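These notes are about the structure you will find just below.
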Amino acid sequence: MALGGKLVILREEQPEDMPRLIALRNDLETQAWSKTLPPDYTDNMSLKRFEAREMSFDPMEGRFIIISRENGEFAGSISYTGLHPRWSATIGVVIIKKFWGTGFALDAQEILLKFLFAELGLRVVRLYTHGGNPRAVGLAQKSGFKVSVRQREAIFKNGELYDNLVMDLLREEYFELHPKLVDNLPALP
Amino acid sequence: MNFQTEQLKLRPFEPEDAPALRAYLNHPKLSGRRYVPHGFPEEVPLSLNQVEGIIKNWGEKESEAHLAIELSGKGDLIGHVEFEWRWDPQAPWISVVISRQYQRQGYGTQVANLILEYLFEYTPAHNVSGWMADWNKAGRAFADKMGFKESGRSRREGYREGSYFDGILVDMLRPEYKARGGFNYGAGR
């Protein structure tokens, strides 16, 4: 069953998504990477990356396609990587420009956070962005993330030097922002 | 450049270093600051086989270096230093580990100065960063003494003695390195 929200649905990647994912990565505005990638990736490269994934009961990452709940249209991609089971993971979201400002990214982020905290039992979720991406910082703050690290002038992108930002959201902070959810994970300290 | 001072030299690890490396990594006082791959729990003693695997792993990776710290003359292995530029050569990371019995004798300062000299005078590094747990007061004081500045605290990096702890990130910019007098600043050189 796909993960559903108010505006979007997160579903698994399929081979037919590759051209759209490549279009996102080959656009400097949407590649969502803190160093510039060459905009020369091909559908075939993407397909190989897709095919390299194997069935596992212990995956350290999850990758989802974001589609519009209303009409199933492709809207972007969201993922978590670097999973430390029952502890932490890092998330990343990319939305096609057509859907900027629609609330799709926030909805997708909230669906993924619920999965990470309520299903995977994580204690903290992190994300990385940079000082030249106020949209990403604002989106993260809407879900309760706080900037915890500002590594000075560590990113060079768009011809500018930016600070590298680490943002994090603790489990307790997430549940405080979602009072209807009950946290039954045994507390540590 | 010569990776050495009057008192010590930095050299690649060799398979025969495994017993000496294992001996100091397994000292209980070094747990939580061993800077070995994450797959090994910080507090659990390492077998000779595991340490041989770590040396092999260190020797195979590109865009990172792991050097043994050896006392001049005696040839004792007293620690290790690593620096990596996988993400971006402009923003490399450094960590220094001195075995318990050789701490507080100025060796760490000499090693850090050699690596800072290398990174700032032989590579395009602009921001050099380091990381330590918030309970590691000696590590924090060492970073301070070296001229690093705190760039933030990544919350809930781990769990130790019944409490969560944060990761303290520190960094030094190229102008700050120059302002402190470049490599001539180093004690013991």
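Predicted, not measured: the structure shown is a model, and the values here were computed from it.
- Shown here is A/Lys157, whose NZ atom has more than 12 heavy atoms of other residues, nucleotides or ligands within 6.0 Å.
- For A/Leu165, no part lies near chain B; criterion is any non-hydrogen pair under 4.5 Å.
- Among all heavy-atom pairs drawn from B/Gly162 and A/Pro189, the shortest one is O-CB, 3.7 Å.
- With hydrophobic clusters built from ILVMFWY side chains whose heavy atoms lie under 4.5 angstrom apart, B/Leu21 does not share a cluster with B/Val44.
- Distance check, rounded to the nearest 0.5 Å: CG of B/Leu173 to CD of A/Glu153 gives 5.0 Å.
- Salt bridge present: B/Glu157 and A/Arg126 bring a charged side-chain N and a carboxylate O closer than 4.0 Å.
- Within residues 170-183 of chain A, the residues that have a heavy atom under 4.5 Å from a heavy atom of chain B are A/Leu170, A/Arg171, A/Glu172, A/Glu173, listed by number.
- Within residues 37-44 of chain A, no residue has any heavy atom less than 4.5 Å from a heavy atom of chain B.
- Note: the hydrophobic cluster containing B/Phe83 also contains B/Ile55 (ILVMFWY, side chain heavy atoms under 4.5 Å, direct or indirect links).
- Distance check: B/Arg155 CZ to A/Met167 CE gives 10.0 Å after rounding to the nearest 0.5 Å.
- Hydrophobic clustering places A/Leu47 together with A/Phe64 (ILVMFWY residues linked when any side-chain heavy atoms are closer than 4.5 Å, directly or through intermediates).
- When each of A/Asp163, A/Leu188, A/Val124, A/Val166 is scored by its heavy-atom pairs under 4.5 Å with chain B, the top score falls to A/Leu188.
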Sequence neighbours left out, cut at 3.5 Å: what donor-acceptor pairs do the side chains of residues 87-95 of chain B make with other protein atoms?
residue : atom : partner : partner atom : Å
B/Asp88 : OD1  : B/Gln90 : N            : 2.9
B/Ser95 : OG   : B/Glu82 : OE2          : 3.2

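- Contacts of B/Glu176 with chain A are made by side-chain atoms alone, with heavy-atom separations under 4.5 Å and no backbone atom involved.
- The neighbour count for A/Trp100 CH2, taken as heavy atoms of other residues, nucleotides or ligands under 6.0 Å away, is above 12.
- The only member of A/Arg152, A/Arg150, A/Gln151 that meets side-chain hydrogen bond (donor to acceptor under 3.5 Å, both in side chains) when paired with B/Asp171 is A/Arg152.
- Checked by atom type and distance alone, the side chain of A/Arg123 never pairs as donor or acceptor with a backbone atom of B/Arg156 at under 3.5 Å.
- More than 12 heavy atoms of other residues, nucleotides or ligands sit less than 6.0 Å from atom NZ of A/Lys35.
- B/Leu169 touches chain A through its side chain: at least one heavy atom from C-beta onward sits under 4.5 Å away, while N, CA, C and O do not.
- Residue B/Glu62 places its CD atom among 12 or fewer non-hydrogen atoms of other residues, nucleotides or ligands, all under 6.0 Å distant.
- Residue B/Glu16 places its CD atom among more than 12 non-hydrogen atoms of other residues, nucleotides or ligands, all under 6.0 Å distant.
- Scanning residues 81-94 of chain A against chain B with a 4.5 Å heavy-atom cutoff picks out A/Trp87, ordered by number.
- In the hydrophobic cluster analysis, where Ile, Leu, Val, Met, Phe, Trp and Tyr join through side-chain heavy atoms closer than 4.5 angstrom, B/Tyr35 is grouped together with B/Trp58.
- One hydrophobic cluster, built from ILVMFWY side chains closer than 4.5 Å, holds both A/Phe104 and A/Leu21.
- Nearest heavy atom pair, residue B/Asn127 against residue A/Ala154, reads ND2-CB, 4.2 Å.
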